[in-house]
Amino acid sequence: MIYNYNVELTYEKLKQRASELLGSIIKEEEIPFEIPLIDEFGDLSTTICFKLAKRYSKNPVELAKELESEIRKQLKDDDLIKDVRAVNGYINFYSNFEIFARSVIDDILNLKNNYGKQDIGKGKKVLIEHTNANPNKALHIGHARNTCLGDSLARILSFVNYDVQVLNYVDDTGSQMADLILGITKMKFQKEVSTKFDKYCGDVIYVSVNKEYEKNPELLKEKQRMIEEIDSQKGELARLSKEIANKVLEGQLQTCSRIGAYFDLINWESDIIKFDLLNETLEKLKSLNIIKKEEEGNYKGCIVVKSEYIKGHEQETDKILIRSDGTSTYLAKDIAYAFWKLGLTSKKFKYKVRWKEPKLLYETDVNGEYNDKFGSADIAISVIDARQSRLQDIIKSILYYIGGEDLQKRYIHYKYEVVALSNQAAKALGYNVKEKIVHMSSRKGLYFDADDILDKLKEKIMSVVVKNNPNEDKDWIDYTSDRLAISALRYALTKPDNNKIIVFDFDETLRLDGDSGVYIVYTYVRTRGIIRKGINILLRDFKGYTPVSEEIKLIKTLAKFPEVVRTSANLLQPQFIALYLRELCDLFNSYYEKYPVLNADEPARSFRLKLVTVISQVLENAMNLIGLTPLEKM
RNA sequence: GGGCCCAUAGCUUAGCGGAUCAAAGCGUCAGCCUUCGGAGCUGAAGAUCGUGGGUUCGAAUCCCACUGGGCCCGCCA
């Protein structure tokens, strides 16, 4: 039998039954339900009485009592709902727990990896743009936050059946490229090095060149000349710029792959110009009178967006799209790119395959071929840190003038706060400061590479893995340690609220115990250990078994997972998955210490082994959504 | 000057209009390996949820003001 994951899962059934019961008494379009946090208050509850009481100026407590007795009359013997009680104006529903538990366990055993999957996004195409690091350095811990968030969003939205395309927009034209080229052509830095090239560019060339500017300001004129030549997209320097950008990108993509983040398409910023997307965009803006060419003042000769059109920033300065020398700013290209994403341009890119494994990856390329599957999405999500809010607000304002609220809503600036360094972490890099937090700076070399952090963490983890697994071979030890390091990093960067700065401190941020990714994986490994040992036990039916309170809580938490996925997808909050994992792990670990599974008497043994099996499955599903690796052993 | 964000135990955070909801991790203290893996578990101590107003039957949660901290406002990206 092919099991359809759109079956009404247990909580849905419970809600539906409760709605039926209430619906026969009151006429109400939407009845709000919540899952009570305290077991005493049942398995489902509604605050509808507070709303009705206000409307009819009655006492909510009495109203609830009246409804309670009306509902009780309707309950049948084999009802999914066993009892109903009114407490303080709430109406609490109590499930027939045996039916409820059986239903939850069966749902998970049948659906397996699809448990929690939904059709929210069916038929809708969403573009998720993330990472977007300048191709002049290796990804640091701040970029990693972006990558983790973007990748988790992609995983979650795919899981609820959006047609997801993951993009990485790479700026191969900006002034940072001129710095590298200057370093290589004028300062004799190498193009071929034995270390990772992205890291070499960021750690050595970029930092050295910026120091050299201070000693020798004449070089800045040379830099300016180079920027203009690269921007023209003609000649040797433009070619060299692309070559270097490409090599750096390769290193960055390796880091992303290691973390488990894969893209569908690389959009080269220079191709916005090459494929002539910009002119058409500017024409459109001109026809709407949003932009204008300045004839006098500071911005004489520039084409600007007047600030009066930028919602929330009316008091600020106008924003330049085209400089007086005719070159375009980053924003101008980003507007054109936004147009392409939402299908507002007639111009198209050509594409070529960059690689096929582990996931087919395309990139824009003048010598490529057209491919209609990219662009023109229903929703475009750009994962970009909060410092760029103003530029993103400008794009949103422009979209508003073109297509009103409907169009504007389709463009989402997914913003998050930066990763900064703790005072200790800054000191570790040789910066003795008194501030509590220090912002990273590529120019000063004040940052931690994501790869370096992972390597250091892996090393720390490996000593424990070796100790606990003396008989495993080197490759296994290496793989396991690497996956644990990545799980620790991803959990640490995904879980915090997007609006909060993460103050990075190696030992604090990347814990191996307590509230950590390692703890989550460890808990999963525990479930696997039990399942492995119990593989030959013939499972009996658990009819008549009276579950302990921890088991009831676990079953309810498992039943909640589809709802957690839905909320996480609708609100674009991967955090909810991380929090859910933590909750489920805590419950399981407490349970694990207290109750034997394999050594329990029947029917407890069968019930518990099934319970552990479904806990393990749900942990795996949730872990996959935020990129933690479910390991068999560790 | 204009805009955005943050403020909850010593530290890091969760809770974001509801009922035993002030929660967890770290740290401190006291326990648990004859027990399915102790990267775990149990317990204790520790918070008038920055301050002051307001809205509400109900506010850590919403609104306003203030204080303290961070970010943005460039012919950079």
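All chains are named by letter (A, B, ...) in the order of the sequence lines, taking the proteins before the strands, and each is independently numbered beginning at 1. The structure displayed is predicted, hence computed values, not measured ones.
- Of the candidates B:C75, B:A39, B:U42, the closest approach to any side-chain atom of A:C302 belongs to B:C75.
- Rounded to whole angstrom, the span from the CG atom of A:D318 across to the P atom of B:C73 amounts to 15 Å.
- Annotated as anti: B:C72, whose glycosidic dihedral deviates from 0 by more than 90°.
- Which of B:A39, B:C36, B:U42 sits closest to the side chain of A:M634 comes down to B:A39.
- B:U8 atom P lies 13 Å from atom CG of A:D497, rounded to whole Å.
- In the set B:C26, B:G15, B:A77, the nucleotide with an atom closest to the side chain of A:N134 is B:A77.
- In this structure, A:N599 does not reach the B:C36 phosphate: none of its side-chain N or O atoms is under 4.0 Å from OP1 or OP2.
- Within the nucleic acid shown, A:D393 has no heavy atom closer than 4.0 Å to any nucleic acid atom.
- Among the protein residues, A:L598 comes within range of the nucleic acid bases, having at least one heavy atom under 4.0 Å from a base atom.
- Rounded to whole Å, the P atom of B:A60 lies 16 Å from the corresponding atom of B:U55.
- With both ends at atom C1', the span from B:A47 to B:C41 equals 26 Å, rounded to whole Å.
- Ion pair A:K460/A:D507 flagged as a salt bridge, since at least one NZ, NE, NH1 or NH2 atom sits closer than 4.0 Å to an Asp/Glu carboxylate oxygen.
- Using a 4.0 Å cut-off, no side-chain N or O of A:Y330 falls inside it from OP1 or OP2 of B:C76.
- When both pairing distances are held under 3.5 Å, B:A65 makes a Watson-Crick or G-U pair with B:U51.
- A:Q315 comes within contact range of the sugar-phosphate backbone alone, with a heavy-atom separation under 4.0 Å but no base atom that close.
- When Watson-Crick and G-U wobble pairs are counted only if both distances are under 3.5 Å, B:G1 pairs with B:C73.
- Across every strand in view, B:U56 sits unpaired, with no contact that passes the Watson-Crick or G-U test at under 3.5 angstrom.
- At a threshold of 4.0 angstrom between heavy atoms, the contacts of A:F504 with the nucleic acid are absent.
- As judged by a 4.0 angstrom heavy-atom cut-off over every strand, A:F41 is placed among the base-contacting residues.
- Taking atom P in both B:U8 and B:G1, one finds a spacing of 26 Å when rounded to whole Å.
- Across the C1' atoms, B:C36 and B:G31 are found 23 Å apart, a figure rounded to whole Å.
- For B:C5 and B:A65, the P atoms lie 13 Å apart once the distance is rounded to whole Å.
- Judged by atom type and distance alone, A:S45 reaches the base of B:A19 through a side-chain donor-acceptor pair under 3.5 Å.
- At a threshold of 4.0 angstrom between heavy atoms, the contacts of A:N298 include nucleobase atoms, whether or not backbone atoms are also involved.
- In this pair, A:F542 and A:F607 present their aromatic rings perpendicular. The plane angle is above 60°, beyond the 30 to 60° band.
- Here the nucleotide nearest the side chain of A:V87, chosen from B:A39, B:U42, B:A19, is B:A19.
- Taking every side-chain heavy atom of A:Y522 into account, B:A39 is the closest of B:A77, B:A39, B:C26.
- Using a 4.0 Å heavy-atom cutoff across all strands shown, A:K460 reaches no nucleic acid atom at all.
- For the pair A:S516 and B:A39, the criterion of a side-chain N or O lying under 4.0 Å from OP1 or OP2 is not met.
- Taken to the nearest 0.5 Å, the CG atom of A:L321 stands 7.5 Å off from the CD1 atom of A:I303.
- Between A:D325 and A:R323 no salt bridge is recorded (no basic side-chain N to carboxylate O distance below 4.0 Å).
- Comparing B:G46 with B:G10, their C1' atoms are spaced 9 Å from each other, to the whole Å.
- Side-chain atoms of A:R511 and A:Y519, non-hydrogen and from C-beta on, never get closer than 4.5 Å to each other.
- In this structure, A:S389 does not reach the B:G3 phosphate: none of its side-chain N or O atoms is under 4.0 Å from OP1 or OP2.
- Of the candidates B:G74, B:A39, B:A19, B:A19 carries the atom nearest the A:N88 side chain, counting heavy atoms from C-beta on.
- In this structure, A:E417 does not pair ionically with A:R145, as no charged nitrogen and carboxylate oxygen lie closer than 4.0 Å.
- Taking 4.0 angstrom as the limit, A:Y592 places a side-chain polar atom (N or O) nearer than this to OP1 or OP2 of B:G38.
- Remark: A:R526 fails to qualify as a cation-pi partner of A:F588 under the 6.0 Å distance and 45° angle criteria applied to the six-membered ring.
- The phosphate of B:C71 (OP1 or OP2) has a side-chain N or O of A:H439 nearer than 4.0 angstrom.
- Distance, A:N423 CG to B:U12 P: 13 Å, rounded to whole Å.
- Comparing B:C41, B:A77, B:A39 against the side chain of A:N589 picks out B:C41 as the nearest.
- The residue A:V521 sits apart from the nucleic acid: no heavy atom pair falls under 4.0 Å.
- Side-chain N/O atoms of A:R526 include one lying less than 4.0 angstrom from OP1 or OP2 on B:G38.
- Using N1 to N3 plus N6-O4 or O6-N4 for Watson-Crick, or N1-O2 and O6-N3 for G-U wobble, each under 3.5 Å, B:C29 pairs with B:G43.
- Look at CG on A:N132: it is 15 Å from P on B:A77, rounded to the nearest Å.
- OP1 or OP2 of B:U42 has not a single side-chain nitrogen or oxygen of A:Y591 nearer than 4.0 Å.
- Closest to the side chain of A:V518, from the set B:A39, B:U12, B:G25, is B:A39.
- Nearer to the 5' terminus of RNA chain B, by closest-nucleotide assignment, is the contact made by A:E314 (compared with the other of A:G529 and A:E314).
- One atom, NZ of A:K319, and another, P of B:C75, lie 7 Å apart when rounded to the nearest Å.
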**Prompt:** Is there a salt bridge (charged side-chain N to carboxylate O under 4.0 Å, His left out) between A:K456 and A:E459 once you walk through the steps?
**Reply:** CA-CA 5 Å; A:K456 193 173 158 200; A:E459 201 177 312; over 6 Å; no

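- Among the nucleotides B:A14, B:G37, B:C57, the one closest to the side chain of A:N468 is B:G37.
- At the heavy-atom level, A:V465 lies under 4.0 Å from base atoms of the strands shown.
- OP1 or OP2 of B:A77 lies within a sub-4.0 Å distance of a side-chain N or O belonging to A:R323.
- Distances shown here put a side-chain N or O of A:K500 below 4.0 Å from the OP1 or OP2 atom of B:A7.
- For B:C75, its base sits under 3.5 Å from the side chain of A:S324 at one donor and acceptor pair at least.
- Side-chain atoms of A:E316 and base atoms of B:G3 include no donor and acceptor less than 3.5 Å apart.
- Comparing B:U51 with B:A7, their P atoms sit 13 Å apart, to the nearest whole Å.
- To the nearest whole angstrom, the two C1' atoms, one in B:G70 and one in B:C75, are 28 Å apart.
- A:L391 comes within contact range of at least one nucleobase, with a heavy-atom separation under 4.0 Å.
- The residue A:N92 sits close to a base: some heavy atom pair falls under 4.0 Å.
- With 3.5 Å as the limit, one finds a donor-acceptor pair spanning the side chains of A:D171 and A:T173.
- One finds no salt bridge joining A:K65 and A:E62 here, because no Lys/Arg side-chain nitrogen approaches an Asp/Glu carboxylate oxygen to under 4.0 Å.
- Of the listed nucleotides (B:G15, B:G40, B:C71), B:C71 has the atom at the smallest distance from the side chain of A:R387.
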